[in-house]
Amino acid sequence: MSEQHVYDKYFRADKLKTMWCPGCGNGIVLQSLVRALEETGTPLEKTVVISGIGCSSRAVNYLNTCALHTNHGRAIAFATGVKMANPDLKVVVITGDGDCTSIGGNHFIHACRRNIDITVVCINNNNYGMTGGQYSPTTPTGAMTKTTVYGNIDTPFDICDLAGAAGATYVARSLTYNPVHLKNTLKKALDHKGLSVVDAMSDCPSLFGRLNRLGDAPTMMKRWAEIAVPLAKAKTMTEEELAGKVVYGEFTDRKDRPEYTENYAALRLKAQGGK
Amino acid sequence: MAEYKIMTGNEALTHGAIAAGMRFFAGYPITPATEIAELSSELLPKVDGTYMQMEDELAAAAAILGASAAGKKAMTATSGPGFTLMHENVGYGMATEIPCVVVDVMRQGPCQGVATLPAQGDFMAVKWAAHGDHPVIAIAPSSVAETYTEIIRAFNLSEKYRTPVFFVSDATLAHMSEKIRIPDASELEIVERPQPTCDPDEYLPFNMEDNGIVPMANFGSGYRWFASGLIHDDTGFPVKTGNTVAIEGASRHLLGKIEDNIEDIQKWEEYKCDDAEILILSVGLVSRSVKTAIDAAREEGIKVGLFRPITLWPFPGKRFAELTAKAKTVMTCEMNLGQLSEIAAQYTDRDQKIVAITQSDGTVIQAKKILNAIKEAK
Amino acid sequence: MAKNHYELRFSGTGGQGMMLMGDVLAQAAGISGGKEIVLLKSYGPEARGGACRSELITDEDAIGYPALVEPDFVLAMSQLACDSYTGDMNKENGILLVDSDLVPNVPADVKHVYRMRITEIAKEVTGRPITANVVALGAISVLVPGFTPEGVKAAVLGKLAPKLHEMNIKAFDAGVAAAEALK
């Protein structure tokens, strides 16, 4: 037993090592999530992790919980069914920027609107990794990808703005560069009653990094020291100073909206004559 | 105690589903299926069930599968345009062997078609409602009373064989009212989902060998399992791309578990077939016009009978072939442009005549038209 | 004599209660009368104004083709309904009942036409034109084979809240009396 690590129980040892590229941020997010699950005391038996399609979505393969690896973009819709059928379950969605905000964008905003008690962890690496590095809804304007070879002309989504505007009650951004912050953010998200979103900024050195000449994985990681700005500091900076920066921290932490499964429980009582 | 009531097809479907144990419905409004959602939204919370109106049909099909994995018998109901959107996630249900019932109240198609008018244009869409080779069970009732009893059978088959089951009605059957006998609950045969009894550490959610059907543990019950839409092994995890034997085995398993139980799944009605020289294949509501025409034709001495699959898929071809072998002429009667006649051709001799009575004008084919066709075919 | 298979149509304008008429007579024929029934209602914009209808088939045996082929009875509560929904009826033996104030022109080829001041009668006995459909139900229970005033009245009351019973009994009885007078 002395060989057993406290986190071993969360992983399916026979499925490791992961399929991710060297330097990929997915492993850091997965490890941070496991630490957060441990520290919040979430029981494995009552945890269901659901993902869609993409590199990030493969995270569910390594977790020793009940899990559904579903269709592209649909994780949140499956998760909604699971949570509504059994509100006692802790439901976590692991998704990526394309899965969550492009093909799954409609499910994402409607889950935010309902404020259903699900934690959405979006691993945001600014491109589609699984299919080889095409541009996603979070690819910065001007960036190079396999389908923006002349530079990206699209304006990206800010996932936190999108989630907050749609009604999510806990919205935060963190980054693989700061795993302690990431773990603590995930803990708050897991403990939050309502729809919580963590936009976890990550790196894809194999594709986005290479196509944009951002250097190898350590170089990309160090880059965050220059571009990541905590929210409190960002508030003191001008628009010009913030250009090209990524602001992280808590954007929304509301307690004023009712949670959806609790609302439905109240509806049931009404339907049953208030007994 | 059993009682008689007058209700529409959509009402009977909803009441039957709840009697079968449906406790979760997710949907999106669409004519002519909307009344099923409306009544579910009213009745389900009264029985501690859940109604969810989702953002689209993609989400509706996803939500029922999630709810089913979490232990609830689940259903959605839609019509052509929504059914098309559901194919993606229904395919996930087939691949991951999660039970659910998907109702398609057929309307005139293709595309938006005519929303309020009946048709039977989705027979093949139901059969091929997902890409790849996949198992299909589809049930087609012909009356309001049968809608009630057969939706219960749809849930039972779905739970027994761990697969989505399709239920195809049409706009007229959905909206017309008939007298039906609501059986007492004690009369109903309801299949409850079995739960595993093994050591949770030894639980495997699938059994690809011998077309096995493993009890599906409810999420949260202590049995932790994983499912993926990728071709997987007994653990639920994707097989290695080089493992051609496992890939083929998993594909064959999905079809094999249906094939192994085909006698339990198939159901049909034979009407005056014993001496039939003309055999008519017809499904659903329009088969009732066929019966009226058969009665009239028999008064004129024409030996004609009806073969009506109640389980549309898998098609009860073995019995149909036995009957066509005795008939001189095979006819089909369908509210589309000949989908059943293609099926009939598979079960008839090459030199046997097949006459398709088809109609795609948004109305139920009248008995008079069928009678004339019978006389001509004689 | 009541024949085995009987087709009825109740047509008028949205708001005249044509749907309720179908419900009531389906109940009377199907549940109390022990017959097989098929009840059809017009849906969508049709039901929200303009000409609308509900239709009922009754039969001692299982009903095949589930729509009207040649209606044996048609009620028309508006001129538009009469113009739209009498063309296919059984002209020789079928019965057409019209509100004579609202339907001045009836098709010449229908042999058995009953003209009744249905809405006026409703106003007289209940003060509420909305009870015209119950007056018509009273008349139908007398004029149409296979129904009885007792059976249809019980079905009417079964569909209405108790506080509406007194008013609708008046309307129903007035319809019965008016039909008896016409026969």
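Worth saying up front: this structure is predicted, and the values here are computed from it rather than measured.
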Report task. Please confirm whether the backbone N or O of Gly220(B) pairs with a side-chain atom of Asn86(A), one donor and one acceptor, at under 3.5 Å? Result -> no
Query raised in the report: Shortest non-hydrogen contact from His72(A) to Glu88(B)?
Result: O-OE2, 4.2 Å
Report summary line: Closest non-hydrogen contact found for His69(A) with Ser228(B) is ND1-OG, 3.1 Å
Query raised in the report: Contact part of Ser68(B) toward chain A, heavy-atom cut-off under 4.5 Å: side chain, backbone, both or neither?
Result: neither
Report summary line: Honestly, the part of Met52(B) sitting under 4.5 Å from a heavy atom of chain A is side chain
Report task. List the atom of Ala85(A), the atom of Phe24(B), and the distance in Å for their closest heavy-atom pair. Result -> N-CE1, 4.3 Å
Query raised in the report: Got a second to check how far Gln53(B)'s CD is from His110(A)'s NE2, nearest 0.5 Å?
Result: 11.0 Å
Report task. For Leu58(B) and His107(A), run side-chain contact (heavy atoms from CB on, under 4.5 Å): C-alpha distance rounded to whole Å, both residues' side-chain angles, the deciding distance at 0.1 Å, then the answer. Result -> CA-CA 9 Å; Leu58(B) 301 161; His107(A) 311 310; 4.2 Å; yes
Requested in this report: Could you tell me which non-hydrogen atom of Val82(A) sits nearest to which non-hydrogen atom of Gly66(B), and how far apart they are?
Outcome: CG2-O, 3.2 Å
Requested in this report: Tell me, for Asp48(B) versus chain A, whether the close heavy atoms (under 4.5 Å) come from the side chain, the backbone, both or neither.
Outcome: both
Query - Heavy-atom contact with chain A under 4.5 Å, split by part of Ala227(B) - result: both
Query - Nearest-0.5 Å distance that lies between atom CD1 in Ile76(A) and atom CD in Glu55(B) - result: 9.0 Å
Report summary line: What one should report as the nearest heavy-atom pair of Ala69(B) and Leu68(A) is CB-CD1, 4.5 Å
Query raised in the report: For the residue pair Tyr51(B) and Tyr264(A), what are the closest heavy atoms and their distance?
Result: N-OH, 2.8 Å
Query raised in the report: Is the closest side-chain heavy-atom distance between Cys66(A) and Trp225(B) below 4.5 Å?
Result: yes
Report summary line: Bottom line for Pro238(B): the part with an atom under 4.5 Å from chain A's heavy atoms is side chain
Query - Nearest-0.5 Å distance that lies between atom CG in Asp88(A) and atom CZ in Phe219(B) - result: 15.0 Å
Query raised in the report: Without hydrogens or angle criteria, can the side chains of Thr47(A) and Arg224(B) be said to hold a donor-acceptor pair below 3.5 Å?
Result: no
Query raised in the report: What's the spacing between Leu230(B) CG and Arg58(A) CZ if we round to 0.5 Å?
Result: 5.5 Å
Report summary line: Interface check, chain A: of Ala63(B), Ala70(B), Ala62(B), most non-hydrogen pairs under 4.5 Å belong to Ala62(B)
Report summary line: Per-residue tally against chain B (heavy atom, under 4.5 Å) across Lys270(A), Arg74(A), Lys15(A) peaks at Arg74(A)
Query raised in the report: Should Arg12(A) and Phe237(B) count as side-chain neighbours, where that means a heavy-atom distance under 4.5 Å?
Result: yes
Report summary line: Output for pair (Thr80(A) OG1, Ile64(B) CD1), nearest 0.5 Å, gives 13.5 Å
Query raised in the report: Do you know which of Asn61(A), Thr65(A), Val48(A), Val49(A) has the most heavy-atom pairs under 4.5 Å to chain B?
Result: Asn61(A)
